[in-house]
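In listed order, ligands and their atoms are each counted from 1.
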Amino acid sequence: MKNLSGKVAVITGGNSGIGLGIARSLAAEGCNLLLVGMDEEKAQRAAADLAATGIKALGISCDVTKRDAVEAMADFAYDAFGTVDILVNNAGVGYGGQVFEIGEQDWDWVMDVNVKGVFQCCAVFVPRFLERGTEAHIVNMGSEQCFGLSDPQFGSMIAYNTSKHALLGFSDALRRDVAPKGMIVSLICPGPVATEIWNAERGRTAEYGDRNPVADGAGDAVAEMGMDPDLVGKITVAGMKDDDFYIITHDYIRGMIQDRYDEAYAAMDKTDRWLKEFG
Ligand SMILES: NC(=O)c1ccc[n+]([C@@H]2O[C@H](COP(=O)([O-])OP(=O)(O)OC[C@H]3O[C@@H](n4cnc5c(N)ncnc54)[C@H](O)[C@@H]3O)[C@@H](O)[C@H]2O)c1
């Protein structure tokens, strides 16, 4: 979508961090915005700031894990703006810990927000895009962890890592399904960004119980050395304008991608031997 002026974007998690960075960049292109977050007041404050730049911007709360809530949010978006052209599935939560440290409810929370939330939003918006037959762009928030593990200094984060790997598969499958209908899918893959991601418990709902006492190693380090979320926003919008699938923000991720590919490719040597021996 080369020209974003006058388009309407729904951004989940748009009231904070990277989502807000993307919102600022889309606003600079003249895009109208619905900012969605767990904290409605914060979403409305952020929207008011962006509306002052001359675009239309509104804020609303919606728990993306809940189908009813997402349906209601979509109804609100279409009522308020008349149409939706861009869905940015950015909402997500961070959580550390190894497999024997995290509780079942911690696992469910991370998977529900980071993976099921993206499914819920796509399941609600894609049929509406199809019905209207308008050009549409779906932007999913992955991570460097779509390709491998983050730097060991950030500690283990097995649930988060799994959730972001899942979004690579989900986004790729979605792209193949919706491309023939003229829809674009992008996957943003940032390394560390200076946001509140490691203070994600602020949005944890009661159904997931109390947090398991796991030491998160990531919080302070990410806040100190993470990229500016506004820079992630600028890169994201540049990639969106080129209809790119992968939008990768940090240069060292090249090495992670190469390592993953090299290891899997080398494993094929044994496959060849096994097939000769047993096949
Ligand atoms: N910060 C990083 O280092 C980093 C790196 C790569 C990817 N990401 C991803 O970027 C995305 C945004 O995170 P951030 O770093 O800006 O953190 P953030 O904590 O500032 O923003 C997270 C947003 O998600 C929203 N959210 C959480 N649970 C929700 C729910 N159930 N329903 C609706 N909204 C919900 C919050 O309200 C908030 O607006 C996440 O998907 C995260 O995994 C972050």
Side-chain angles (χ1 to χ4, degrees), residues 10-24 34-47 59-70 72-73 88-96 108-121 139-148 150-151 153-154 157 159-168 170-171 187-208 216 218-233 235-236 247-250 253 256:
V10 171
I11 309 177
T12 69
N15 62 357
S16 173
I18 300 176
L20 189 52
I22 294 170
R24 288 194 185 105
L34 178 62
L35 307 184
V36 179
M38 290 298 275
D39 181 337
E40 183 149 88
E41 247 185 75
K42 194 174 168 184
Q44 288 175 345
R45 270 201 312 273
I60 190 175
S61 77
C62 166
D63 182 344
V64 294
T65 66
K66 303 284 182 287
R67 178 64 66 97
D68 290 355
V70 176
M73 179 268 282
V88 183
N89 287 309
N90 161 78
V93 293
Y95 200 81
D108 286 345
W109 177 52
V110 174
M111 292 303 152
D112 282 357
V113 180
N114 292 8
V115 185
K116 187 177 173 188
V118 178
F119 160 72
Q120 297 284 42
C121 290
V139 181
N140 294 334
M141 175 53 72
S143 157
E144 61 177 357
Q145 296 192 36
C146 291
F147 304 115
S150 59
D151 191 301
Q153 69 166 308
F154 299 126
M157 44 181 103
Y160 185 80
N161 188 250
T162 305
S163 73
K164 294 301 180 180
H165 269 66
L167 284 187
L168 171 56
F170 179 89
S171 303
L187 178 68
I188 317 169
C189 304
V193 184
T195 70
E196 291 185 75
I197 185 78
W198 296 102
N199 174 28
E201 297 288 326
R202 69 192 192 283
R204 179 167 168 146
T205 48
E207 73 198 273
Y208 298 106
D216 277 334
D220 293 345
V222 169
E224 264 168 40
M225 45 77 74
M227 186 179 267
D228 180 345
D230 284 345
L231 176 54
V232 178
I235 292 171
T236 297
I247 302 176
I248 303 176
T249 54
H250 294 56
I253 296 175
M256 294 175 69

Under 3.5 Å, side chain of Asn15 to main-chain N/O of Asp39, donor-acceptor pair present? yes

Apply side chain to side chain contact (heavy atoms under 4.5 Å, CB included) to Ala194 and list each qualifying residue two or more places apart in sequence or on a separate chain. none

Can a donor-acceptor pair be found between the side chains of Thr65 and Asp112 at a distance below 3.5 Å? no

With a 4.5 Å limit on heavy-atom distance, are the side chains of Arg24 and Pro229 in contact? no

Excluding sequence neighbours, so at least two apart, what forms side chain to side chain contact (heavy atoms under 4.5 Å, CB included) with Thr162? Trp107, Met111, Ile158

Neighbour list for ligand 1 [protein residues, heavy atom under 4.0 Å]: Gly13, Asn15, Ser16, Gly17, Ile18, Gly37, Met38, Cys62, Asp63, Val64, Asn90, Ala91, Gly92, Val93, Val113, Met141, Gly142, Ser143, Tyr160, Lys164, Pro190, Gly191, Pro192, Val193, Thr195, Glu196, Ile197, Arg202, Val222

Qualifying residues under ring-ring contact (aromatic ring centres under 6.0 Å, His included), relative to Phe170, sequence neighbours excluded: none

